[in-house]
There are 2 protein chains.
Amino acid sequence: MDILARIQNEQDQFSQSEKRIAEILLNDFDFAVNASIVELAERAEVSPPTVTRFCRRLNCQNYADFKIQLAKTMFVGARYLNPGTRSTAPADVAEDIVTKAQNALYLFHHAFKPEQAQVVAETLSRSGMIYAFGSGGNSSMIAQELQNRLFRLGLRVSACTDHHMQMMIAAAARPEDTIIGSSFSGRNMELVRAFTLAREAGATTVALSQSDSAVAAAADHALTIDLPEGDNIFRPTSTRFAYLALVDILANLTAYQNRAQATVTLRHIKHQLVAHRDGDDRQLLGD
Amino acid sequence: MDILARIQNEQDQFSQSEKRIAEILLNDFDFAVNASIVELAERAEVSPPTVTRFCRRLNCQNYADFKIQLAKTMFVGARYLNPGTRSTAPADVAEDIVTKAQNALYLFHHAFKPEQAQVVAETLSRSGMIYAFGSGGNSSMIAQELQNRLFRLGLRVSACTDHHMQMMIAAAARPEDTIIGSSFSGRNMELVRAFTLAREAGATTVALSQSDSAVAAAADHALTIDLPEGDNIFRPTSTRFAYLALVDILANLTAYQNRAQATVTLRHIKHQLVAHRDGDDRQLLGD
DNA sequence: CCTCTTATCTAAATTCTTTTCATAATCTGC
DNA sequence: GCAGATTATGAAAAGAATTTAGATAAGAGG
């Protein structure tokens with residue numbers, strides 16, 4: 001766990017002096033990260049040794065170590081603590097969006113459960129047919145992306161973003177099939193119904209969604225992503241970045257399940273692209 | 001510019017001693033970031049003052065400042081310098097993918113030109129109709145995403161991922177229309193032809209692509225993204241994250257061009273979603 | 001009200017960092 | 001190829017910063 005999370009966690013167990021130090025850290029990050037132990041102590045109205053002890057308490061070797069940890073988290077964590085700007089200047093907008101995206105990835109990674117993903121990857125690689133479901137802009141992108149990443153591995157996969165089709169596919173699913181569906185909100189009831197139908201047909205269902213949600217509860221396996229959303233309605237949801245990363249990880253783990261087959265298929269795709277373009281084989285695997 | 005970029009930039013202007021220091025920094029980041037000036041000097045076989053001077057040369061106040069800068073970049077920069085693991089353990093795969101994605105965002109942000117994006121945003125907001133073009137998995141996702149972000153702002157936009165349709169649309173474009181096309185490789189010659197056709201018809205063209213590429217050259221405005229690609233064929237391109245961020249930024253800047261209209265449209269969409277679901281208006285704007 | 005524990009400080013010791021100055025190496029223009 | 005200038009580097013000293021050690025104060029529990 002990173003240092004800021006630790007500070008926020010233990011905040012109520014801190015002594016008076018420690019609380020004062022923590023407050024400065026959380027409020028004036030910029031100062032804290034550049035301050036010497038004397039300066040920090042002065043500002044918190046405590047003695048330097050108290051600061052040293054504070055660092056030790058947070059599992060840091062010494063003040064220097066503590067500062068390194070702080071600086072490391074700062075890059076991704078700073079904006080998360082201090083709500084982002086509402087500036088409409090292009091440079092600020094860009095910074096805000098990039099930082100939020102990085103934050104989303106960071107928080108996702110923190111909560112990520114490798115074993116669960118591995119189980120899903122094994123399921124996918126053994127599936128007779130994979131159907132990727134999702135609706136409404138964000139999740140439909142994830143469904144498409146699942147298809148885009150998995151077909152490259154030589155798997156049989158089809159994305160479907162249409163409710164009616166989803167229901168028909170779910171009803172027609174076979175026991176060896178897997179239905180993987182995404183819902184950022186977890187409240188896509190049509191997807192819940194499709195999952196239920198698919199399970200009745202004996203197929204395996206995988207949800208990419210919020211934990212404690214109807215969608216997650218309806219599936220055999222749930223890979224959950226719970227991120228706070230910003231409240232600026234103009235800002236597109238940075239959660240997409242986390243979902244996209246999850247798709248990448250799943251695709252990658254699935255590839256390793258049957259490496260030989262994946263390699264062959266990828267080579268065929270690459271060959272086709274290179275032949276079709278201009279012979280530069282450093283090109284991307286698909287535009 | 002960040003410290004690692006600065007080091008890599010000036011590397012050939014370094015003296016012998018400085019080169020030795022730089023080498024340690026670039027190769028053993030973990031050591032460097034935790035080392036005291038004495039330890040670092042010892043390992044580089046130079047004297048501590050030389051390290052201090054090295055830091056100053058890189059526009060740092062002192063060694064402490066230098067270390068902070070180093071630690072800040074480390075979080076995103078470390079893996080970029082030291083090629084990622086080839087481990088297939090789920091946790092390592094996840095870390096590698098997340099770090100690469102964060103790196104992509106970081107590098108993109110570094111090279112990002114806010115003014116150019118602003119010009120494009122103005123163009124988009126004034127367009128009669130916007131067509132988003134892209135093909136081949138990655139770029140088609142970007143085209144879809146452009147549509148998904150821009151329609152919410154009350155703009156007229158249509159994504160098209162089909163070459164033949166693209167050509168017909170380009171031919172039929174009007175002077176007040178904008179065609180925005182994505183190509184990660186920059187070598188999508190069909191897109192180049194569509195741009196040419198559209199320009200002949202008097203429409204404005206915008207490329208999201210590599211600089212120095214055929215696609216970028218063919219458009220009126222080019223927003224370029226140049227990122228190194230990893231060489232693990234199983235790893236999906238992390239460049240997607242950068243393109244996605246660019247779309248977000250563009251959509252956001254465009255929204256601010258005509259804030260009133262965008263707000264109204266977004267509210268309508270939200271109202272529809274809330275009415276359709278369960279009244280929790282903290283839900284995401286679209287699943 | 002006393003004792004024990006915990007929190008905190010002062011002062012000293014230690015370690016780290018920078019400055020200063022001397023020397024060595026390298027370059028420049030003749 | 002050499003004198004003078006410039007630059008690079010290190011040793012030692014000075015100056016900070018950090019930690020340790022021991023002392024004191026504050027609070028909890030009997």
Handout entry: Between dG10(D) (P) and L40(B) (CG): distance, integer Å
Key = 13 Å
Handout entry: Among dT9(D), dA11(D), dA21(D), the one nearest P49(B) by side-chain distance
Key = dA11(D)
Handout entry: Length of the line joining Y63(B):OH and dT19(C):C1', which is rounded to integer Å
Key = 18 Å
Problem - Salt bridge flag under 4.0 Å for residues E145(B) and R149(B) - result: yes
Problem - Residues R240(A) and D248(B) bridged, charged N to O under 4.0 Å - result: yes
Practice task
Looking only at side-chain atoms of R53(B), point me to the closest of dT18(D), dT20(C), dC9(C).
Solution key: dT20(C)
Problem - For A242(B) against A104(B), the heavy-atom pair lying closest together - result: CB-O, 4.1 Å
Practice task
Could you check how far CD of E42(A) sits from P of dT10(C), rounded to whole Å?
Solution key: 12 Å
Handout entry: Between dA17(D) (P) and D65(B) (CG): distance, integer Å
Key = 14 Å
Practice task
Choose from dT9(D), dT8(C), dA17(D) the nucleotide whose nearest atom is closest to any side-chain atom of Q16(A).
Solution key: dT8(C)
Exercise for the section: Starting from P on dT15(C), measure out to CG on N62(A) and report it in whole angstrom. Expected result: 13 Å
Practice task
Flag the pair V206(A) / D220(A) as yes when at least one side-chain heavy-atom distance between them is below 4.5 Å, and no otherwise.
Solution key: no
Problem - Side-chain N,O (S15(A)) to OP1/OP2 (dA7(C)) below 4.0 Å - result: no
Problem - Euclidean distance, atom NZ of residue K19(B) to atom P of dA8(D) [Å, nearest integer] - result: 12 Å
Practice task
Would you confirm whether R20(A), through its side chain, and E45(A), through its main-chain N or O, come within 3.5 Å as a donor-acceptor pair?
Solution key: yes
Handout entry: Sugar-phosphate, base or nothing in reach of V51(B), heavy atoms under 4.0 Å
Key = nothing
Practice task
Please check the phosphate of dT19(C) (OP1 and OP2 only) for any side-chain N or O of R56(B) closer than 4.0 Å.
Solution key: yes
Problem - Options dG10(D), dT18(D), dC16(C), nucleotide nearest the side-chain atoms of V46(B) - result: dG10(D)
Handout entry: Between F54(A) and F14(A), ring centroids under 6.0 Å
Key = yes
Handout entry: dT6(C) OP1/OP2 closer than 4.0 Å to side-chain N/O of R57(A)
Key = no
Problem - Pairing of E18(A) and R57(A) as salt bridge, 4.0 angstrom limit - result: yes
Handout entry: Shortest side-chain distance from P48(A), nucleotide among dT18(C), dT19(D), dT17(C)
Key = dT19(D)
Exercise for the section: For the pair D226(B) (side chain) and S211(B) (backbone), establish whether a donor and an acceptor sit closer than 3.5 Å, ignoring hydrogens and angles. Expected result: yes
Practice task
Could you tell me the separation between the NZ atom of K67(A) and the P atom of dA17(D), rounded to a whole number of Å?
Solution key: 11 Å
Problem - Whole-Å gap separating P (dA16(D)) and CD1 (I37(B)) - result: 16 Å
Handout entry: Bend angle of the helix from dC1(C)-dG30(D) to dC30(C)-dG1(D), from helix axes over five pairs at each end, nearest 10°
Key = 30°
Problem - Phosphate OP1/OP2 of dT17(C): any T52(B) side-chain N/O under 4.0 Å - result: no
Problem - Distance below 4.0 Å between T50(B) side-chain N/O and dG10(D) OP1 or OP2 - result: yes
Problem - Phosphate OP1/OP2 of dA8(D) contacted by S17(B) side-chain N/O (<4.0 Å) - result: no
